[in-house]
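Notes follow once the structure below has been shown.
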Amino acid sequence: MSALSITAANVVPGTDADIAHGIAGETITAGQPVYRSSTDGKWYKADSNSGTAEARVPLGIALCGSSASQPVSVQKSGTITIGATVTAGT
């Protein structure tokens, strides 16, 4: 069970948000940490258990859902409302 349960519809950038726009390399849900591939320049889900160092270091949080090869907005810095709930004991 994950420590946070993110509600994608509640992910909202703050007024000081630094937002990047690009193309998704796979299906992404709002609120997921993402990285930008140096190979094709597309955004992918970050994974701390990935075999590649690049994928282990998120560069931002997806602000919207996107399918592969579709536009995606990513917040790189600033305040963000993640819309998550926390389960006690996790």
Kindly indicate, with the supporting measurements, whether the criterion side-chain contact (heavy atoms from CB on, under 4.5 Å) is fulfilled by Asn10 and Thr81. CA-CA 7 Å; Asn10 294 341; Thr81 299; 5.6 Å; no
On a heavy-atom basis, which atom in [X] and which in [Y] lie closest, and how many Å separate them?
X: Thr29; Y: Ala62; answer: O-CB, 3.8 Å
X: Ile28; Y: Lys45; answer: CG1-CG, 4.3 Å
X: Lys42; Y: Ser69; answer: NZ-OG, 3.6 Å
X: Ile19; Y: Ser73; answer: CG2-CB, 4.1 Å
X: Ala24; Y: Val72; answer: N-CG1, 3.9 Å
X: Thr79; Y: Thr15; answer: OG1-N, 4.4 Å

Rounded distance [0.5 Å steps], [atom1] in [X] versus [atom2] in [Y]:
X: Asp40; Y: Ile23; atom1: CG; atom2: CD1; value: 10.5 Å
X: Trp43; Y: His21; atom1: CH2; atom2: NE2; value: 11.0 Å
X: Thr52; Y: Tyr35; atom1: OG1; atom2: OH; value: 5.0 Å
X: Gln32; Y: Ser66; atom1: CD; atom2: OG; value: 11.0 Å
X: Lys76; Y: Ile61; atom1: NZ; atom2: CD1; value: 13.5 Å

Using the rule given for side-chain contact (heavy atoms from CB on, under 4.5 Å), can you reason through Ile6 versus Val11, listing the C-alpha separation, both sets of side-chain angles and the distance that settles it, and then say yes or no? CA-CA 8 Å; Ile6 298 171; Val11 176; 4.0 Å; yes
